[in-house]
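This report concerns only the one structure given below.
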Amino acid sequence: MKYVLVTGGVVSGLGKGVTASSIGVVLKACGLRVTSIKIDPYLNTDAGTMSPFEHGEVFVLDDGGEVDLDLGNYERFLDVTLTRDNNITTGKIYQSVLEKERKGDYLGKTVQVVPHVTDAIRNWIETVSVIPVDGKEGPADVCVIELGGTVGDIESMPFIEALRQLFFSVGQDNFCLIHVSLIPVLGVVGEQKTKPTQHSVRELRALGLTPHFLACRSAEPLLESTKLKLSQFCHVADGNILNIHDVPNIWHIPLLLRNQNAHDAILKHLNLRSVATPPELQEWTKRAETFDNLENSVRIAMVGKYVGLPDSYLSVVKALLHACIARSLKPSVDWIAASDLEDESSESTPEAHTAAWRTLREASCVLVPGGFGDRGVRGMLLAAKYARENNVPYLGICLGMQIAVIEFARSVLGLQRANSTEFDADTQNPVVIFMPEGSKTHMGSTMRLGSRRTLLQTPDCITAKLYHNSEYVDERHRHRYEVNPEVVGILEEAGLRFVGKDESGKRMEILENPSHPFYVGVQFHPEFKSRPGRPSALFLGLILAATGQLEAYLTKQQNGSL
Ligand code: GLN
């Protein structure tokens with residue numbers, strides 16, 4: 001196994017994840033099999049209990065792992081399926097060490113950070129790196145390890161030490177360290193400043209790790225003189241100073257690396273030149289360039305709770321992007337804070353209320369993504385009602401599907417008090433209820449999580465056609481509440497159709513409203529499996545419907561002429 005470690009210095013938010021996954025893309029383009037590990041030095045065991053307001057979206061894996069959103073980047077960029085163990089946290093490591101200690105596995109020894117915690121980290125990395133993630137058998141050739149945080153953080157120290165030991169044991173040929181840093185430009189002179197990078201490399205070296213490559217983030221391309229200075233002061237060969245300057249979209253980054261021959265230098269370092277091919281990045285190039293030149297856009301109203309931080313819905317945004325690109329459209333996402341649509345906001349914040357409704361009316365389609373808690377729910381119900389009554393294409397994901405059910409029960413069935421027991425535990429008309437697969441009392445990891453099968457109930461529905469007439473789909477879930485099986489009958493009599501159910505037939509997975517051009521709710525999260533070049537069927541459906549192309553597309557597809 002060859003390891004490529006990516007660390008970060010100077011400031012956080014440098015795009016270390018995108019840099020690391022782009023390195024993976026370039027190596028994969030050279031014919032190598034690539035896997036990845038993300039290390040998050042925080043104490044949480046996983047991202048499951050972390051607020052999207054603070055940390056961005058919680059990404060969900062096939063195996064139900066609730067992980068850092070960077071793993072989503074790896075899955076999308078490398079087209080792999082990762083496991084929960086590909087995300088290491090301090091919490092997980094300590095949990096495993098403490099379990100061993102309780103079992104008496106340390107044979108009476110004093111249990112210490114070095115060597116016990118560092119050994120646990122090394123073992124974890126060595127074990128997980130060989131799990132195949134690309135559908136093929138046997139371990140990958142290269143494992144890209146991204147160390148979260150910034151070098152020098154107290155909580156990353158045990159990881160740095162473990163990685164230093166790993167480097168020492170596997171040797172120079174099998175380990176390559178790429179340090180991502182920032183080159184700011186200051187003052188009127190506009191000089192590219194190398195000092196922060198020098199300091200952070202010094203910090204890394206003091207901890208026993210010397211970077212072989214620098215990946216320098218900058219606004220403009222680095223000057224030759226800046227590179228030279230970095231090389232001299234940071235002890236890195238000048239051919240190994242990579243520059244990631246600002247680009248129009250992130251798909252350019254693998255191309256930027258390839259243009260600087262980063263792949264060749266890394267392959268040389270890892271002694272892999274003889275097995276690699278020249279990088280094949282035609283599709284990437286096409287996609288990156290197509291995106292830059294898109295002229296027409298489609299307006300999508302995203303009505304959610306966490307709209308202040310777009311990373312909260314990162315995979316939804318990416319899935320919209322994949323679907324739009326497939327139709328040569330630029331996505332124009334209009335964020336609407338659901339609470340701004342509510343009646344009360346017309347009194348408390350009238351301007352925001354007016355603006356939110358204007359945005360909703362101007363959009364070509366409405367998307368209500370997943371969410372937890374009752375904030376903004378009334379606004380989401382209004383958005384769902386508006387879309388249903390005005391034939392505006394609607395896609396409700398997870399909470400968005402539950403919203404569609406509550407709205408329909410209230411408006412069409414006349415059950416004014418219909419609600420989810422998540423928002424009103426004592427509602428007289430519980431149309432959405434708690435249906436756990438696991439414990440009712442513990443919050444962490446008790447949800448219905450990960451890949452579950454949905455059986456399509458009929459080929460005669462939009463969803464089945466969009467999914468290419470498959471009889472089933474496997475999509476990822478993250479929820480506790482579900483449509484109450486007891487109200488399915490009356491909802492269907494009134495016109496809703498549950499066209500996708502789980503294998504037991506008790507859990508409603510997909511709803512459609514046949515009297516509407518595109519009104520679809522799904523209990524799962526199709527965004528997590530969308531890939532560039534392979535957009536999610538439902539997002540594609542939404543975009544097709546928003547641009548009046550759905551019927552023609554489905555007809556073509558049914559005729560086999562697509
Ligand atoms: N809060 C809802 C539930 O737990 C929806 C979850 C979600 O949208 N991810 O079922």
Side-chain angles (χ1 to χ4, degrees), residues 18 21 25 29 72-81 247-255 280-302 310 313-334 363-367 369 392-397 461-470 473-476 510 517-520 522 524-562:
V18 174
S21 27
V25 168
N73 271 334
Y74 289 111
E75 283 207 345
R76 285 186 286 266
F77 268 47
L78 299 173
D79 198 8
V80 291
T81 303
V247 282
N249 70 67
I250 57 168
W251 290 328
H252 281 284
I253 297 174
L255 308 176
E280 223 266 78
L281 284 164
Q282 269 138 312
E283 253 195 64
W284 272 91
T285 314
K286 202 170 126 214
R287 203 177 301 127
E289 286 171 1
T290 308
F291 184 39
D292 290 344
N293 299 314
L294 291 174
E295 280 168 8
N296 300 324
S297 63
V298 52
R299 291 182 71 170
I300 305 133
M302 272 269 265
Y313 301 111
L314 189 68
S315 295
V316 175
V317 174
K318 296 290 177 197
L320 284 170
L321 178 65
H322 303 158
C324 282
I325 297 248
R327 305 304 299 172
S328 301
L329 291 163
K330 207 185 224 43
S332 161
V333 180
D334 291 326
S364 305
C365 59
V366 177
L367 197 160
V392 178
Y394 175 91
L395 178 61
I397 296 177
C461 62
I462 294 175
T463 319
K465 290 177 191 156
L466 284 169
Y467 276 112
H468 301 281
N469 300 326
S470 346
V473 288
D474 294 327
E475 296 276 13
R476 297 179 184 174
I510 308 172
F518 187 90
Y519 196 83
V520 178
V522 283
F524 49 77
H525 290 267
E527 68 270 26
F528 293 135
K529 284 174 74 171
S530 178
R531 298 279 192 270
R534 236 182 319 120
S536 154
L538 292 160
F539 282 81
L540 188 62
L542 179 71
I543 297 305
L544 288 165
T547 49
Q549 304 177 65
L550 181 64
E551 243 175 83
Y553 174 89
L554 292 181
T555 315
K556 263 194 185 168
Q557 200 209 50
Q558 295 309 99
N559 297 340
S561 57
L562 211 64

> Does atom CD of Glu283 have more than 12 heavy-atom neighbours from other groups under 6.0 Å away?
Replying inline: no
> Under 6.0 Å from the CD atom of Glu551, do we count more than 12 heavy atoms belonging to anything else shown?
Replying inline: no
> Given the rule in the side-chain contact (heavy atoms from CB on, under 4.5 Å) test, do Glu475 and Tyr467 qualify, once you have shown the distances and angles that lead to the verdict?
Replying inline: CA-CA 12 Å; Glu475 296 276 13; Tyr467 276 112; 2.7 Å; yes
> Yes or no on side-chain hydrogen bond (donor to acceptor under 3.5 Å, both in side chains) for Arg76 and Ser315, after CA distance, side-chain angles and deciding distance?
Replying inline: CA-CA 9 Å; Arg76 285 186 286 266; Ser315 295; 3.1 Å; yes
> Which of parallel (below 30°), tilted (30 to 60°) and perpendicular (above 60°) describes Trp251 and His322?
Replying inline: parallel
> Parallel, tilted or perpendicular: which fits the ring planes of Tyr519 and Tyr394, with parallel below 30° and perpendicular above 60°?
Replying inline: parallel
> Any sub-3.5 Å donor-acceptor pair from Lys529's side-chain atoms to Asp474's backbone N or O?
Replying inline: yes
>> Check whether Asn249 reaches the backbone of Ala288 with its side chain - one donor and one acceptor, N or O, closer than 3.5 Å.
In response: yes
> Is the shortest heavy-atom distance from the side chain of Phe77 to the side chain of Ile250 under 4.5 Å?
Replying inline: yes
> Side chains of Ile325 and Pro532: does their closest heavy-atom pair fall under 4.5 Å?
Replying inline: no
> Ion pair present between Glu75 and Arg531, side-chain N to carboxylate O less than 4.0 angstrom?
Replying inline: yes
>> So which atom in Ala323 and which in Ile543 form the shortest heavy-atom distance, rounded to 0.1 Å?
In response: CB-CG1, 3.9 Å
